[in-house]
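In what follows, a structure is listed as structure tokens, so that the remarks can point back to it.
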There are 2 protein chains.
Amino acid sequence: MEEVGFAHFSAREVAKRIGYSIGTIYNVFGSYDALILAINGRTLALWRDYLERRLEQSQGDRLGHAIEAYFEFAAKHRHAWAAIYDFRLPEDLSPPETYQAQVRAIFDIVVAEVRAALPASRKGEAEALTRSLLATVHGHCVFAMNGTFAMLGEREPARAVLDRVREAVAP
Amino acid sequence: MEEVGFAHFSAREVAKRIGYSIGTIYNVFGSYDALILAINGRTLALWRDYLERRLEQSQGDRLGHAIEAYFEFAAKHRHAWAAIYDFRLPEDLSPPETYQAQVRAIFDIVVAEVRAALPASRKGEAEALTRSLLATVHGHCVFAMNGTFAMLGEREPARAVLDRVREAVAP
DNA sequence: TAAAATAATTGAACGCCGATCAATTATGCG
DNA sequence: CGCATAATTGATCGGCGTTCAATTATTTTA
């Protein structure tokens, strides 16, 4: 996935590379979708690790570093990161609970940082604000990675989104 | 595309439905990618029309209505809208100039609204701010459509993003 | 109008894909 | 060892994007 991206990824190629047959892939994962979900789950775990490590190193401006971590991870793992959003389960299904838990784990890390950055009087907004700020950062990251920002002349996406986040968190 | 979505879309099915053979599709469009680009270009045109019509009807709170238009169009044309972002050209290619022009045309419409909403002292920021706000709205729309917001308990994505936009435009 | 030149259309063929499953091979156990 | 259970295989299927020689339709020319 990391190498070829979601569009050119194939279960057959996975089987070839690990020295098993296509049948074994299906015995282990059950379906193509489940294989993708397993890979995306692993990417989420890597993402969370990356974010946590980046915050450990941080001394001040933790929110700024969290945003940098978002952009850095997406850039370092373009294809794997994009696959998380390129893949969509059939409309009537929800991701497995373990997958949802991984999304929430990343969310919880960011909530803590947003809450810490908020003045005491606004800490109650932390969760709702974090959902909105994650979407904000994500939107900027998507436009940075897919060329939309380049098309529109934006050269400092991370700087732009940091402005948005500071506005929203400012007392 | 509108019906089956990017993942299940196929040039063969297009040929079948319009009563031509697969070969003719390739004679006309040249490649699968070019066919997708033609469809996405058409979607951009529809999107622009929708936005313009929605703004014509608007009496006050034009930015709010532009955001509503973003969400409404994405919801009404889920698959076609998603296909704009699901499709990625080979990394070394840029979209054709006509396609880029359509993206900029939508951008220009929004710039005018953002500029009008900004106080005189900040009108110089209009373009940069619009890029950032488009990304912000897009991020919220993506999370609304792909289930991320549902997973995190967000029930009013349009309301949340309106708060972000108002913060950013406020004098 | 008839013949020739040009344009448009076709669909079989290729290699790849996800998915299935009867047949085979490997493993563990009494 | 013999047997039961588990793991693995890959041929097979229908569908995909892509190509291109062959065919059909249209236009131009004589």
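Letters go in sequence order (proteins before strands), and every chain restarts at 1. Owing to the predicted nature of the structure, the values given are computational and were not obtained by experimental measurement. These numbers come from the heavy atoms of this one structure, side chains and all, not from hydrogens, waters or symmetry mates.
- For B:R159, the side-chain contact (heavy atoms from CB on, under 4.5 Å) partners at least two apart in sequence or on another chain are B:E156, B:D163.
- Of the residues in residues 27-43 of chain B, those with a non-hydrogen atom less than 4.0 angstrom from any atom of DNA chain D are B:S31, B:Y32.
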Distances for protein N/O vs nucleotides 13-15 of chain C N/O pairs under 3.5 angstrom?
| unit_1 | atom_1 | unit_2 | atom_2 | d |
| --- | --- | --- | --- | --- |
| C:dA13 | N6 | B:R12 | NH2 | 3.3 |

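- Taking B:R42 as the reference, nothing meets the salt bridge (charged side-chain N to carboxylate O under 4.0 Å, His left out) condition, with sequence neighbours excluded.
- Under 3.5 Å, the side chains of A:R164 and A:T136 contain no donor-acceptor pair of N or O atoms.
- At least one side-chain nitrogen or oxygen of A:T24 sits closer than 4.0 Å to the OP1 or OP2 atom of D:dT9.
- Straight-line distance from the OH atom of A:Y26 to the P atom of C:dA22: 18 Å, rounded to whole Å.
- Remark: A:R54 engages A:E68, A:E72 in a salt bridge (charged side-chain N to carboxylate O under 4.0 Å, His left out) (not counting sequence neighbours).
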For nucleotides 22-27 of chain D, list the nitrogen or oxygen atoms of the protein found under 3.5 Å from its nitrogen or oxygen atoms, one pair per line.
none

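- Of the two residues contacting DNA chain C, namely A:G23 and A:S10, the nearest-nucleotide position lying further toward the 5' end is that of A:S10.
- Taking the side-chain contact (heavy atoms from CB on, under 4.5 Å) definition, one finds that B:Q59 meets it with nothing, sequence neighbours left out.
- The stretch residues 4-16 of chain A participates, sequence neighbours left out, in these side-chain hydrogen bond (donor to acceptor under 3.5 Å, both in side chains) pairs: A:E13-A:R17.
- Every residue meeting the side-chain contact (heavy atoms from CB on, under 4.5 Å) condition with A:R48, not counting sequence neighbours, appears here in chain and number order: A:E52, A:A105, A:I106, A:I109.
- Distance, A:I18 CD1 to D:dT8 P: 9 Å, rounded to whole Å.
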Show every donor-acceptor pair shorter than 3.5 Å between a side-chain atom in residues 116-129 of chain B and any protein atom, with sequence neighbours excluded, or say none if there are none.
| unit_1 | atom_1 | unit_2 | atom_2 | d |
| --- | --- | --- | --- | --- |
| B:R122 | NE | B:E125 | OE1 | 3.2 |
| B:R122 | NE | B:E125 | OE2 | 3.1 |
| B:R122 | NH1 | B:A168 | O | 3.2 |
| B:R122 | NH1 | B:V169 | O | 3.4 |
| B:R122 | NH1 | B:A170 | O | 2.9 |
| B:R122 | NH2 | B:E125 | OE1 | 3.0 |
| B:R122 | NH2 | B:A168 | O | 3.0 |
| B:K123 | NZ | B:R115 | O | 2.8 |
| B:K123 | NZ | B:L118 | O | 2.8 |

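- Partners of B:S58 under the side-chain contact (heavy atoms from CB on, under 4.5 Å) rule, at least two apart in sequence or in another chain, are B:R62, B:H65.
- DNA chain C is contacted by no residue of residues 82-96 of chain B, taking any non-hydrogen atom closer than 4.0 Å.
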